[in-house]
Each structure stands twice: as structure tokens, then as C-alpha cells.
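This is a predicted model, so every value here is computed, not measured. The figures that follow rest on heavy atoms only: side chains count, while hydrogens, waters and symmetry mates do not.
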Amino acid sequence: MKHFTSVNDVKNAREFVAAAGELKKDTYAFKHLGKNKVLGLIFMNPSLRTRLSTQRAAMNLGLDVMVMNFTGEGWALETREGVIMDGDKPEHIKEAAAVIGQYCDIIGLRSFPGLEDRDRDYDEELLKFFMDHSGKPVISLESATLHPLQSLADMITIEEFKKTRRPKVVLTWAPHPKALPQSVPNSFLEWARKMDYDLTIAHPPGYELHERFTGGLEGVNDQYSAFEAADFIYVKNWSSYRDYGKILSTDRNWMVSLEKLRNTNDARIMHCLPVRRNMVIADDVLDSDASLVIEEAGNRIYAAQIVLKEILT
Ligand code: CP
């Protein structure tokens with residue numbers, strides 16, 4: 001594995017998820033792999049789970065870690081080609097990525113979308129700059145369109161808790177006061193399709209995701225019927241892909257509450273976190289045994305660790 005930016009960087013998703021599960025049983029078995037090697041984690045946006053779980057994964061493999069937040073710490077970076085840099089951005093991404101490559105053996109990058117220019121966001125400009133100019137393997141810590149480490153942790157969690165060979169997994173939109181990226185649902189669908197789960201997508205009209213991620217599976221607009229016999233319900237807000245970056249619905253009836261789980265096969269509830277309580281998911285779900293959000297966050301360690309291990313070996 002040269003880079004890790006999507007499920008397509010993995011030869012066999014099912015085997016990779018199983019390997020992460022094995023790694024979890026013997027966390028320090030590969031501590032020698034990272035000796036005298038440095039992981040650099042570059043954050044263009046805030047983080048709790050991604051930052052700490054990836055650091056922990058690196059420590060489990062004996063890697064040293066450097067973290068830099070460009071949210072206020074680094075120079076503001078210019079990303080446009082051929083411009084006269086007479087504005088407020090003193091450093092070009094080309095030099096920044098190349099310099100970071102001098103200091104690190106592996107680079108993790110978090111770069112959210114602007115949610116204004118769809119083509120620009122879906123072109124993954126920043127991630128490509130780092131892959132092209134750093135000269136080092138690059139791991140996505142959530143890009144403009146995908147969050148593969150999160151999805152890998154989600155798959156590890158579903159495999160741990162599933163009660164049937166091919167569980168029914170529902171991805172449902174839920175309301176949120178801010179416009180959020182499509183990266184988590186896009187990525188979740190890519191991975192869940194490779195795992196061959198029985199997938200359903202539920203969202204209000206206008207929230208259809210790109211076919212590249214849905215694989216042509218059409219979303220339903222009725223959350224109640226979508227939840228019927230569900231084994232796992234993955235809750236997430238996203239902004240519209242069609243009316244790019246727009247909030248088209250604020251319908252609170254889409255919030256997931258305990259009452260809605262009656263129709264399910266004792267479904268377990270998942271969310272990548274952070275989650276807005278009583279907006280996206282109700283207290284009665286998050287505080288119940290149905291919730292898997294903490295287990296999911298815990299598995300972020302083993303998702304990052306299997307990726308780092310693969311790159312190191
Ligand atoms: N789920 C997730 O990526 O969390 P953070 O944004 O806190 O890293």
C-alpha cells in the first residue's frame with residue numbers, strides 16, 4: 001500500500017477488516033515496525049478522535065509522531081497554481097508538502113471541503129498536492145469527499161457486533177444546524193458495499209449521494225420503512241450533493257430516537273462522532289445499550305494501526 005485515501009487502496013476489504021480485528025487481539029505485536037520512523041499528522045481542520053486514535057495507533061507500532069495544526073498554527077497555505085502570491089497566504093502548498101516530507105516517513109492529512117465549489121472539492125486538490133509533492137506515503141485523516149479511517153473502524157465494529165452473516169445496515173440522514181460534508185456517508189457506502197452488507201439509504205429528497213459511492217442504490221425518503229428489520233443504523237447528517245453544500249431540510253422528525261428502533265431487529269446505533277444530542281440522535285438512544293458510538297470510536301485505533309502497519313511493511 002503506497003497511500004491510503006479510500007477503500008480502493010485496499011486489495012481485499014473483508015480480509016483487511018478481519019486483519020484489523022486480529023491486530024486488536026495482540027496490539028503490541030508489531031511494535032518493532034515503527035522504530036526510528038516518524039509519522040506526521042497535519043490538520044487543516046479540528047479533530048478529537050482522528051488525532052488521538054492515530055497517535056495511539058502509531059505508538060502501538062513504535063512510531064514517533066509529530067502533529068501540526070494549520071488551524072491557527074501554520075502559515076496560511078496557497079493552493080492555486082500560477083498565482084502572484086501578494087495576498088494573505090505566505091506559503092505555497094507545494095513547498096509546505098515537500099518540506100513536511102523531509103521530516104516525516106508517513107504523512108496523515110485532514111483537509112475538509114469548502115462546500116462551495118463541488119468540482120474543486122471532489123477533485124481532492126489538497127490530498128493530491130501532498131501525494132504529488134511530499135514524496136512520502138499519505139494517509140487520509142478525512143479528505144474533502146471521504147473518511148476511510150472512520151469507515152474502516154465502522155466495518156470493524158459491524159463485524160464485531162453482527163448477529164447474522166449479512167446484516168441489514170441502514171445509512172440514515174439526520175438533521176443538523178450546520179452544512180456538513182458528504183465524506184462520511186460517501187466513504188461508509190464504499191466500504192459497506194465491499195463488505196457486501198444488505199444496504200439501505202434513507203434521506204429526505206435532495207440528499208442523494210453520487211452514484212460512485214451508492215453504486216446505483218437509490219435512497220428512500222421514508223425513514224420508518226427503511227428501519228424495518230435493520231441490524232445496524234448508521235446515523236449521519238450531510239449537506240446536499242445536488243444543491244452543493246446546501247441544507248435542504250431541517251426536519252426534526254428525522255432525528256433518531258429509541259421509539260424508532262421498535263421496528264428494527266434490535267438495531268445497534270452507530271455515528272462517527274461528534275454527535276449533537278437531541279438534534280441528530282436522542283439522549284435515550286445514546287445512553288442506551290443500543291448505542292455503539294464509543295466502541296466505534298475505540299476501533300479508530302485499530303483502523304489506523306492496520307493501515308500504518310500495512311504501509312510500514
Ligand atoms: N469521527 C471523527 O473523525 O472525529 P474527529 O473529527 O473528532 O476526528
TODO: For the residue pair Asp287 and Arg277, establish whether any side-chain heavy-atom pair is separated by less than 4.5 Å.
DONE: yes
Task: Spatial distance of atom CG (Leu248) from atom NE2 (His203) [nearest 0.5 Å] - done: 11.0 Å
Open item on the list: Between Asp283 (side chain only) and Asn278 (backbone N and O only), is there a donor and an acceptor less than 3.5 Å apart?
Closed with: no
Task: Thr27 vs Tyr302 side-chain heavy atoms within contact, under 4.5 Å - done: yes
- [ ] Treat each ILVMFWY residue as a node, draw an edge where side-chain heavy atoms are under 4.5 Å apart, and state whether Leu109 and Val7 are in one component.
- [x] no
TODO: Mind checking the OH-OG spacing from Tyr244 to Ser239? Nearest 0.5 Å is all I need.
DONE: 6.5 Å
TODO: May I ask you to decide if Ser140's main-chain N or O and Ser143's side chain share a donor-acceptor pair within less than 3.5 Å?
DONE: no
Task: Any Thr145 side-chain heavy atom under 4.5 Å of His210 side chain - done: no
TODO: Using a cut-off of 6.0 Å, state whether more than 12 heavy atoms not belonging to Asp289 lie near its atom CG.
DONE: no
Contacts table for residues 306-313: side-chain donor-acceptor under 3.5 angstrom, sequence neighbours left out:
residue: Thr313; atom: OG1; partner: Lys309; partner atom: O; Å: 2.8
residue: Thr313; atom: OG1; partner: Glu310; partner atom: O; Å: 3.3

Open item on the list: If you define the side chain from C-beta out and look only at heavy atoms, does anything of Phe43 sit under 4.5 Å from Leu141?
Closed with: yes
- [ ] Answer yes when Glu125 and Lys128 have at least one side-chain N-carboxylate O distance shorter than 4.0 Å, and no when they do not.
- [x] no
- [ ] Write down the atom of Lys236, the atom of Val184, and the distance for their closest heavy-atom approach.
- [x] CE-CB, 3.6 Å
Task: From CA spacing to verdict: side chain to side chain contact (heavy atoms under 4.5 Å, CB included), Arg110, Arg51 - done: CA-CA 9 Å; Arg110 167 162 282 200; Arg51 175 172 171 165; over 6 Å; no
Open item on the list: If you apply the rule side chain to side chain contact (heavy atoms under 4.5 Å, CB included), what do you find for Leu292 with Glu160, and how did you get there?
Closed with: CA-CA 11 Å; Leu292 285 177; Glu160 274 179 354; over 6 Å; no
Open item on the list: Membership question, hydrophobic clusters at under 4.5 Å side-chain separation (ILVMFWY): are Leu41 and Leu77 in the same one?
Closed with: no
TODO: Output yes when a side-chain donor or acceptor of Asn69 lies under 3.5 Å from a complementary backbone atom of Thr71, and no otherwise.
DONE: no
Task: Heavy-atom closest pair, residues Ala13 and Lys194 - done: CB-CB, 3.7 Å
Open item on the list: If you count every heavy atom of other residues, nucleotides or ligands that lies below 6.0 Å from Arg120 atom CZ, does the total exceed 12?
Closed with: no
TODO: Measure from the side-chain N and O atoms of Asn237 to the backbone N and O of Ala174, and report whether any donor-acceptor pair falls under 3.5 Å.
DONE: yes
- [ ] For Ala179 and Leu115, work out which heavy atoms get closest and say how close.
- [x] O-CD1, 3.5 Å
Task: Ser53 and Ile301, any side-chain heavy atoms less than 4.5 Å apart - done: yes
Open item on the list: With a 4.5 Å cut-off on side-chain heavy atoms, are Pro185 and Phe213 touching?
Closed with: no
TODO: Over 60° means perpendicular and under 30° means parallel, so classify the ring planes of Tyr207 and Trp173, tilted if in between.
DONE: tilted
Task: Derivation and outcome, side chain to side chain contact (heavy atoms under 4.5 Å, CB included), residues Met131 and Thr5 - done: CA-CA 10 Å; Met131 291 193 285; Thr5 63; 3.9 Å; yes
Task: Residue pair Gly108 / Leu39: nearest heavy atoms and the distance that separates them - done: N-CD1, 4.3 Å
Open item on the list: Working to the nearest 0.5 angstrom, can you tell me the gap between Leu63 CG and Gln305 CD?
Closed with: 9.5 Å
Task: Shortest non-hydrogen contact between Lys168 and Ser225, atoms and distance - done: NZ-O, 4.3 Å
Open item on the list: When you compare the side chains of Asn299 and Lys24, does any donor N or O come within less than 3.5 Å of an acceptor on the partner?
Closed with: yes
Open item on the list: Do Tyr197 and Met155 make a side-chain contact, defined as non-hydrogen atoms from C-beta onward lying under 4.5 Å apart?
Closed with: yes
Task: Between Glu142 and Asn45, a side-chain donor and acceptor under 3.5 Å - done: no
TODO: Look at atom NZ of Lys2 and say whether more than 12 heavy atoms of other residues, nucleotides or ligands are closer to it than 6.0 Å.
DONE: yes
Task: Joint hydrophobic cluster, Phe70 plus Ile107, side-chain heavy atoms closer than 4.5 Å - done: yes
- [ ] Classify the side-chain pair Ser240/Asp243 by whether it contains a donor and acceptor separated by less than 3.5 Å.
- [x] no
Task: Side-chain H-bond candidate by donor/acceptor type, Glu296 with Thr157, under 3.5 Å - done: no
- [ ] With sequence neighbours left out, write down each residue that passes side chain to side chain contact (heavy atoms under 4.5 Å, CB included) with Lys94, or none if nothing qualifies.
- [x] Glu81, His92, Phe129, His133
Task: Asp88 side chain vs Ala76 backbone, donor-acceptor pair below 3.5 Å - done: no
Open item on the list: What I'd like to find out is whether the side chain of Lys162 reaches to under 4.5 Å of the side chain of Asp231, using heavy atoms alone.
Closed with: no
Task: In one Ile/Leu/Val/Met/Phe/Trp/Tyr side-chain cluster, 4.5 Å: Met1, Leu23 - done: yes
- [ ] Decide side chain to side chain contact (heavy atoms under 4.5 Å, CB included) for Met270 and Asp154; before the verdict, give the C-alpha distance in whole Å, the side-chain angles of both, and the deciding distance to 0.1 Å.
- [x] CA-CA 8 Å; Met270 302 176 70; Asp154 298 335; 4.1 Å; yes
TODO: Check Trp254 against Val220 and note the closest heavy-atom contact, atom names and distance.
DONE: CH2-O, 4.4 Å
Open item on the list: Let me confirm one number: the NE2-CG distance from His3 to Asp9, rounded to the nearest 0.5 Å.
Closed with: 8.5 Å
- [ ] Drop me the distance from Ile106's CD1 to Ser134's OG, to the nearest 0.5 angstrom.
- [x] 11.0 Å
Open item on the list: Within a 6.0 Å radius of atom NZ on Lys31, are there more than 12 heavy atoms belonging to other residues, nucleotides or ligands?
Closed with: yes
- [ ] State the CZ-CD distance between Arg262 and Glu228, to the nearest 0.5 angstrom.
- [x] 15.0 Å
Open item on the list: Using a 4.5 Å cut-off between side-chain heavy atoms of Ile, Leu, Val, Met, Phe, Trp and Tyr, which other residues end up in the same hydrophobic cluster as Leu273?
Closed with: Val170, Phe227, Ile233, Val235, Val256, Leu258, Leu261, Ile269, Val275, Met279, Val280, Ile281, Val285, Leu286, Val293, Ile294
Task: In one Ile/Leu/Val/Met/Phe/Trp/Tyr side-chain cluster, 4.5 Å: Leu217, Phe188 - done: yes
Open item on the list: Whether the Tyr241 and Asn186 side chains hold a donor-acceptor pair (N or O, under 3.5 Å, no angle test) is what I'd like checked.
Closed with: no
TODO: Answer yes or no: does atom CZ of Arg166 have more than 12 heavy-atom neighbours from other residues, nucleotides or ligands under 6.0 Å?
DONE: yes
